[in-house]
Each structure stands twice: as C-alpha cells, then as structure tokens.
Protein chains: 2
Amino acid sequence: MAAIKYSRQREAIKDYLMNTKQHPTADTVYLDIRKNYPNISLGTVYRNLNLLSEQGEILKINCRDGCDRFDGNPEPHYHFICKICGRVLDLEMEQIDHINVIAGAGFPGVIEGHVTYFYGTCSKCIPIN
Amino acid sequence: MAAIKYSRQREAIKDYLMNTKQHPTADTVYLDIRKNYPNISLGTVYRNLNLLSEQGEILKINCRDGCDRFDGNPEPHYHFICKICGRVLDLEMEQIDHINVIAGAGFPGVIEGHVTYFYGTCSKCIPIN
DNA sequence: ATGATATATAATAATAATTACTATTATTGT
DNA sequence: ACAATAATAGTAATTATTATTATATATCAT
C-alpha cells in the first residue's frame with residue numbers, strides 16, 4: 001500500500017537533477033524549478049527529494065556545509081568539496097571498499113559501508129603564481 | 001588580541017568531554033553540565049564547544065544524523081555510527097591517507113584531506129540467532 | 001588589594017534548514 | 001465518469017544553531 005502516484009512536479013525535479021552537473025541544495029532546486037512551475041511549494045521539493053533518494057533514484061549528499069545537497073546520479077561515487085568556493089564536484093575514482101576491511105579488523109560490530117568526501121582546493125580556486 | 005580568558009564553564013565542558021567515551025551532542029553536554037552548573041546557558045555550551053574545536057582541543061563530528069557531536073579526543077581518528085541505535089564509536093585503525101592519493105589521480109584540484117565515517121551494526125545491536 | 005579593561009556569561013531573540021498540517025487538486029483503477 | 005487515494009500549495013511548527021545584550025567575571029597594571 002501507499003502506492004506512489006505520478007506528479008509532474010516530481011518529474012520536473014528528477015529531470016532537473018539529471019541534467020545538471022551541479023549538486024544543488026533543496027532551495028536551489030526550488031528556485032530553479034519555480035521558473036517552470038511558479039506555484040511549486042518548497043515543501044513539495046523537500047518531500048520529493050527525500051522520496052527520490054529513498055527510492056534510490058537520486059543521491060542525498062551530507063556534505064555538512066549546513067545543508068544537504070542532491071545528485072541526479074544515483075550510482076555510488078565520491079565527492080570533492082572545495083574549501084574556498086564550496087562547490088561539490090564528482091570524483092572519477094574506483095570504489096575504495098577495502099577501507100571497510102581495514103576498519104573492520106578488530107572491531108566487534110559489522111561494518112556495512114562508509115561515507116567519505118574529500119576536501120581541498122578546486123582547480124578554479126588554485127591561485128596562479 | 002581577542003585574548004581568551006579562563007572560565008569555569010569552559011573548563012567543566014572540557015573535563016566532561018575528556019572523561020566520556022560517548023560522543024555527545026551539544027544538548028547532551030548542556031544537560032549533563034547543568035547538573036553541576038544549574039545556570040549554564042545552552043549558548044555558552046555551543047560557544048565553548050566551537051571555541052575548543054577551533055583551538056584543536058576537541059573534535060567536532062559531523063555525523064549528519066541531524067546534529068553535530070563532540071569528541072574529547074582531538075587526535076584524528078575514525079568513527080563508526082550504528083544504523084540501529086545511532087551510537088558513535090571510536091575505531092582503532094591507522095590513518096588511511098592513501099585514499100587521498102587515489103582520489104587525487106586525474107583530479108585537477110588539490111586534495112588536502114578526507115572526512116570518513118563507517119556505518120553498520122554495532123556489537124550490541126547484532127541479533128543473537 | 002584596587003580599579004580599569006576586556007572577555008565570558010545567562011537569558012533571550014533570531015535565523016536557517018527542514019518537517020508537519022490541512023484543505024484542495026490531481027492521478028489512477030474500475 | 002466516479003470513487004478512492006495520493007500529491008500539492010500554502011502555511012505553521014520544529015530543530016539545531018547563532019546572534020544580541022546587559023551583567024558578571026577574569027586579567028593586568030598600578
């Protein structure tokens with residue numbers, strides 16, 4: 001039960017995320033979607049972003065710069081956060097699941113996964129000297 | 001300038017963190033410190049937790065279960081978060097800084113570090129079968 | 001010890017991100 | 001087309017955190 005019904009708002013949100021390389025916050029999604037759907041509500045954006053990430057159709061990124069960000073690519077991958085400009089970039093690297101084994105050695109519980117993000121200075125923010 | 005002056009409230013917060021293996025939230029610190037300092041203010045707790053972590057005397061953990069947690073051990077180390085009970089545990093493992101190199105290969109910016117936490121089921125939450 | 005100066009505090013208000021509520025609207029199965 | 005149910009817009013409420021301000025406390029020079 002609790003069948004999911006189609007809504008054009010949700011469709012628009014998913015389309016928007018699938019067509020951007022940015023990793024927008026809920027508020028950015030709201031402001032941009034509003035250009036096509038002037039009456040969309042911020043609550044609708046939040047509800048659908050959470051629903052889509054629960055369904056595994058998008059990723060919710062807890063980059064902890066205050067608010068969550070969203071990624072239209074649901075495949076597990078790593079992110080880089082620039083300390084200077086705050087941008088979130090995709091990293092092209094293999095999965096590093098061997099760190100789960102390192103962490104699990106001597107740990108009495110079960111390690112199921114890890115959350116990792118890398119930080120530093122992005123190419124646009126490196127001063128030219 | 002902006003010299004730091006001693007305060008017994010800050011001392012109590014540091015003592016409290018150094019004597020617990022838990023990773024309390026600001027609110028938990030507040031509630032516990034209040035047993036000895038009934039008039040302490042939540043704002044004071046937040047200000048001192050931030051000050052201490054800026055000074056490198058404690059760690060602020062962004063485990064992203066909604067709120068920040070604090071660790072009296074300022075040495076860099078990794079944390080495990082139990083999906084069932086939500087507890088945050090210290091992991092005894094070496095630093096895995098080689099993942100910065102993996103991430104940096106082919107990345108045009110500079111990787112300076114990473115934030116990682118592991119999740120799964122802690123020993124107390126593993127069902128006995 | 002005394003007083004001047006600067007920092008810290010308690011109490012409260014304000015902010016930011018997110019979630020909850022509710023009457024209305026849209027979708028879906030028959 | 002109709003009934004049942006989920007989704008929406010608009011608004012209010014919640015949660016974690018930061019800002020404000022008058023008062024209290026610590027520190028430093030005398």
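Chain identifiers are assigned alphabetically (A, B, ...) following the order of the sequence lines, protein sequences preceding nucleic acid strands; residue numbering begins at 1 within each chain.
At the heavy-atom level, B:Thr44 lies under 4.0 Å from base atoms of the strands shown. B:Arg10 comes within 4.0 angstrom of sugar-phosphate atoms only, judged by non-hydrogen atoms across all strands, and of no base. Counting any heavy atom pair closer than 4.0 Å across all strands shown, A:Leu42 reaches a base atom. A:Arg34 comes within contact range of no nucleotide atom at all, as no heavy-atom separation falls under 4.0 Å. Across all strands, B:Asp27 comes closer than 4.0 Å to no nucleic acid atom at all (heavy-atom distances).
Dashed line: the shortest gap from a side-chain N or O of B:Gln9 to OP1 or OP2 of D:dT25 is not under 4.0 Å. For the pair B:Ser41 and C:dT9, the criterion of a side-chain N or O lying under 4.0 Å from OP1 or OP2 is not met. Residue B:Tyr6 places none of its side-chain N or O atoms closer than 4.0 Å to OP1 or OP2 of D:dA26. Between A:Arg47 and C:dA20 there is no side-chain polar atom (N or O) within less than 4.0 angstrom of OP1 or OP2.
No N or O donor and acceptor, one from the side chain of B:Lys5 and one from the base of C:dT7, sit under 3.5 Å apart.
The OH atom of A:Tyr46 sits 17 Å away from the P atom of D:dG10 (whole-angstrom rounding). A straight line from CG of A:Asn62 to P of D:dA16 spans 15 Å, rounded to a whole angstrom. Separating the CD atom of A:Glu54 from the P atom of C:dT19 is a distance of 10 Å, rounded to the nearest angstrom. B:Arg69 places its CZ atom 16 Å from the P atom of D:dT15, with the value rounded to the nearest Å. Taking atom OH on B:Tyr30 and atom C1' on D:dT17, their separation rounds to 14 Å, with Å as the unit. A straight line from CG of A:Leu51 to P of C:dA20 spans 14 Å, rounded to a whole angstrom. Atom CD1 in A:Ile40 sits roughly 5 Å away from atom P in D:dA9 (whole-Å rounding). Between the C1' atom of C:dT7 and the CD atom of B:Gln55 lies a distance of 14 Å, rounded to the nearest Å.
Taking the six-membered ring for Trp and the full ring otherwise, the centers of A:Phe107 and B:Phe80 sit less than 6.0 Å from each other.
The nearest heavy atom of DNA chain C to A:Ile4 and to B:Ile4 marks one nucleotide each, and the one closer to the 5' end goes with B:Ile4.
Here the side chains of A:Ile99 and A:Thr116 are in contact, with some heavy-atom distance below 4.5 Å.
Side-chain atoms of B:Asn48 lie closest to C:dT9 of the nucleotides D:dA7, C:dT19, C:dT9.
Within the structure, ring-ring contact (aromatic ring centres under 6.0 Å, His included) pairs that include any residue of residues 19-61 of chain B comprise B:His23-B:His79 (at least two apart or interchain).
In this structure, a donor-acceptor pair under 3.5 Å is absent between the side chains of A:Lys14 and A:Asn48. In this model, a donor atom of one side chain and an acceptor atom of the other lie less than 3.5 Å apart for B:Asn62 and B:Asp68.
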